[in-house]
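Let me begin by presenting the structure, written as structure tokens, before commenting on it.
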Amino acid sequence: MSRSLAPASEPIGVAHRPLRQAVHDEVRREIIAGRYQPGERLYEDQIASELNVSRNPVREALQALAVDGFVELEPRRGARVARLSRRKAEDLFDVRESLEGLVARLAARRRTEEQLRQIERHVGAGLSAVARLELTTLPELNTSFHQLLCEAADNPILSAELARLSHLIEWVYSVRIFQRSSNSWAEHESIADAIAAQDEEKAFELACEHIARARAAFFDAAPIDDDGR
């Protein structure tokens, strides 16, 4: 399918990153945004032309994206956007519910006043985006909100594990954005209020409920591929 990629946040190859990493980040951005759909074939020469790079960094980027879970590589057939299986989604929500509850508890205990202000500003930005129906901005805002909670939790091991999953989580969030946008940010506001009050148990409880509701909405909204993995 012929298309032009959306403008990158910065030109490919100018941010002192390896070219394969710049291509990797850009293709992942397009997948999360839904401009590449699950199951859609990805052509190295087309992506190379659109990003004005050679095919080699594209090939390396697609291989890395396969490791990350965004792309499937098929022998002699090339690459296609991965389909999120029911098992993979369930596994991801299981991990998130455990980790995000702990993050919220620690954030309520350890957050600084400046971190709290950043969290509250981010909640305000998300609520405003929902009110203006600027839904395309919400996946990135959602990722940033949870990153701010991780920073406030001040646990490097926990932060590293969630950072590793953050873009996959962002992809899952974007799939069901229309069903969850308003409720999700109201829940973020409640979590932020508990963190402001330094109520560790309430923050933990609300964060776990937030992920449980996201799980229910994700599976209720539309059928998910069940490939047994």
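For the single chain, residues carry numbers from 1 onward in sequence order.
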Without swapping roles, check the side chain of [X] against the backbone of [Y] for a donor-acceptor pair under 3.5 Å.
X	Y	value
Arg35	Glu30	no
Ser49	Asp45	no
Asn155	Ile157	yes
Gln46	Tyr43	no
Arg41	Arg77	yes
Ser159	Pro156	no
Arg80	Gly39	yes
Gln198	Ile195	no
Arg105	Ala203	no

Is [X] salt-bridged to [Y], going by a charged N under 4.0 Å from an acidic O?
X	Y	answer
Asp94	Arg215	yes
Asp91	Lys88	no
Arg117	Glu114	yes
Glu161	Arg164	yes

Nearest atoms (heavy-atom pairs only) where [X] meets [Y]:
X	Y	answer
Ile47	Leu42	CD1-CB, 4.2 Å
Ala192	Val123	CB-CG2, 4.0 Å
Gly101	Ala207	CA-CB, 3.9 Å
Phe204	Ala104	N-CB, 4.3 Å
Leu127	Ala186	CD2-N, 4.1 Å
Arg20	Glu60	CD-OE1, 3.2 Å

Out of curiosity, Asp193 CG to Leu206 CG, how far, rounded to the nearest 0.5 Å?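 So the gap between those two atoms works out to 9.0 Å.
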Check the pair Val71 / Ile31 against side-chain contact (heavy atoms from CB on, under 4.5 Å), numbers first and verdict last. CA-CA 9 Å; Val71 166; Ile31 292 172; 4.1 Å; yes
side-chain contact (heavy atoms from CB on, under 4.5 Å), that's the test. Do Asn183 and Arg213 meet it? Break it down for me. CA-CA 9 Å; Asn183 290 340; Arg213 289 170 179 165; over 6 Å; no
Once you measure the plane-to-plane angle for His188 and His146, does it fall in the parallel (<30°), tilted (30-60°) or perpendicular (>60°) bin? perpendicular
Quick one: are [X] and [Y] in side-chain contact, heavy atoms under 4.5 Å?
X	Y	value
Thr143	Ile169	no
Leu62	Arg59	no
Leu65	Val27	yes
Val81	Gln37	no

His210 and side chain to side chain donor-acceptor pair (under 3.5 Å): which single residue from Glu205, Arg96, Glu187, Glu100 fits?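 Single pass found, and it is Glu187.
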Determine whether Phe70 and Ile32 satisfy the following criterion, side-chain contact (heavy atoms from CB on, under 4.5 Å), listing intermediate values before the conclusion. CA-CA 9 Å; Phe70 287 91; Ile32 291 172; 4.0 Å; yes
Which is it for Asp154 and Leu106 under the side-chain contact (heavy atoms from CB on, under 4.5 Å) test, yes or no, and what are the steps along the way? CA-CA 7 Å; Asp154 193 23; Leu106 292 177; over 6 Å; no
